[in-house]
Amino acid sequence: MRCFLLVVVLTLSFNASAETLRNPAEFSSIENPDIRAAALFQEAAKVFQHARCANCHPAGDRPGQTDEGRPHSPAVIRGEDGFGHPAMRCESCHMEANRAASGVPGAPHWHLAQASMALVGRSPGEICRQIKDPEQNGGRPVGAIVMHVAFDPLIKWAWFPGGDRTPAPGSHQDFVALVHAWIEAGAACPND
């Protein structure tokens, strides 16, 4: 009986901590496309503001770690190209895949996002506007954003972070569907 109760408690604890994303179809009753787009982005912002994304989109030049976004240890910095200081490049520790033995996360081309794409301390509306701005988003037109979130291996990694890291909310497929629906609805941003 004790084993059964322990399994039930652990299952409930695990399920209670797993955040989901609403399906884009759940927003179809919102007739105004701008309001619908803003609501869709607000839902997608659960991912953008999650530690798996925010840690690599810091407000400064030092990435975060853990679900709490603690400063990276060892003390690494962005570097001119986002791949770290020449003496301590990201790929010195972060390989093409997670390393179970060391606990070091990994994915192809591990690096920090450009400084203009900081997510830490920004509201969903601010994040939305910067994502739409080609001067801040790597030169992408709005329509190309869905391709970026769908295929970038670093973005996909957020749902398979390894170790005891909490994955991004929902699934990668859910997130891509929300971003696509947001663009299809006109890509309006939430108010701050």
Side-chain angles (χ1 to χ4, degrees), residues 16-22 38-85 88-91 93-94 97-98 103-133 135-138 140 142 145-146 148-179 182 187 189-192:
S17 68
E19 188 175 4
T20 61
L21 293 174
R22 293 172 59 196
L40 286 158
F41 192 88
Q42 186 76 35
E43 187 68 11
K46 291 178 181 178
V47 173
F48 290 118
Q49 293 181 311
H50 190 273
R52 294 296 74 78
C53 296
N55 283 343
C56 293
H57 287 259
D61 285 328
R62 191 168 172 194
Q65 286 180 312
T66 73
D67 289 348
E68 293 78 34
R70 292 186 206 130
H72 193 288
S73 180
V76 296
I77 59 170
R78 176 185 308 281
E80 288 185 33
D81 61 359
F83 286 84
H85 185 276
M88 189 175 243
R89 304 289 286 166
C90 299
E91 67 267 12
C93 297
H94 298 279
N98 294 331
V104 175
H109 311 292
W110 194 274
H111 66 283
L112 289 180
Q114 63 190 49
S116 65
M117 287 302 298
L119 300 174
V120 175
R122 297 202 175 156
S123 70
E126 290 170 322
I127 293 169
C128 181
R129 288 186 291 280
Q130 78 186 25
I131 286 173
K132 288 173 50 172
D133 182 357
E135 289 186 23
Q136 296 184 68
N137 74 12
R140 293 178 182 88
V142 172
I145 294 168
V146 74
H148 175 61
V149 301
F151 296 108
D152 188 302
L154 288 175
I155 293 173
K156 289 180 177 183
W157 171 87
W159 286 271
F160 305 96
D164 61 356
R165 295 172 208 57
T166 305
S171 71
H172 179 245
Q173 183 179 359
D174 296 336
F175 177 61
V176 172
L178 282 166
V179 172
W182 164 68
C189 294
N191 295 328
D192 290 327

Who passes salt bridge (charged side-chain N to carboxylate O under 4.0 Å, His left out) against Glu80, sequence neighbours left out?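 Expected list: none.
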Which pairs, with at least one residue in residues 54-63 and sequence neighbours excluded, count as a side-chain hydrogen bond (donor to acceptor under 3.5 Å, both in side chains)?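 Sorted pair list: Asp61-Arg78.
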Any side-chain hydrogen bond (donor to acceptor under 3.5 Å, both in side chains) pairs touching residues 152-165, not counting sequence neighbours?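 Residue pairs passing side-chain hydrogen bond (donor to acceptor under 3.5 Å, both in side chains), neighbours aside: Asn98-Trp157.
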With sequence neighbours left out, what residues match [X] under side-chain contact (heavy atoms from CB on, under 4.5 Å)?
{"X": "Glu135", "value": "Asp133"}
{"X": "Pro153", "value": "Pro108"}
{"X": "Cys53", "value": "Val47, Leu119"}
{"X": "Asp174", "value": "Leu21, Ser171"}

Do Phe41 and Ile131 have side chains that get closer than 4.5 Å, going by heavy atoms?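 Sidechains of Ile131 and Phe41: in contact.
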Contacts of type side chain to side chain donor-acceptor pair (under 3.5 Å), residue Glu91, not counting sequence neighbours: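 Side chain to side chain donor-acceptor pair (under 3.5 Å) list for Glu91, sorted by chain: empty.
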Which residues satisfy the disulfide bond (SG atoms under 2.5 Å apart) test with Cys56, sequence neighbours excluded?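 Residues passing disulfide bond (SG atoms under 2.5 Å apart) with Cys56: none at all.
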Mind checking what makes ring pair (Phe, Tyr, Trp, His ring centres under 6.0 Å) contact with Phe83, not counting sequence neighbours?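 With neighbours one apart ignored, the set is His111.
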Sequence neighbours left out, what passes ring pair (Phe, Tyr, Trp, His ring centres under 6.0 Å) with His94? Give chain and number order.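 Expected list: Trp110.
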Pairs in or reaching into residues 116-130: which pass salt bridge (charged side-chain N to carboxylate O under 4.0 Å, His left out), with residues at least two apart or in two chains?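 Matches after skipping sequence neighbours: Arg129-Asp192.
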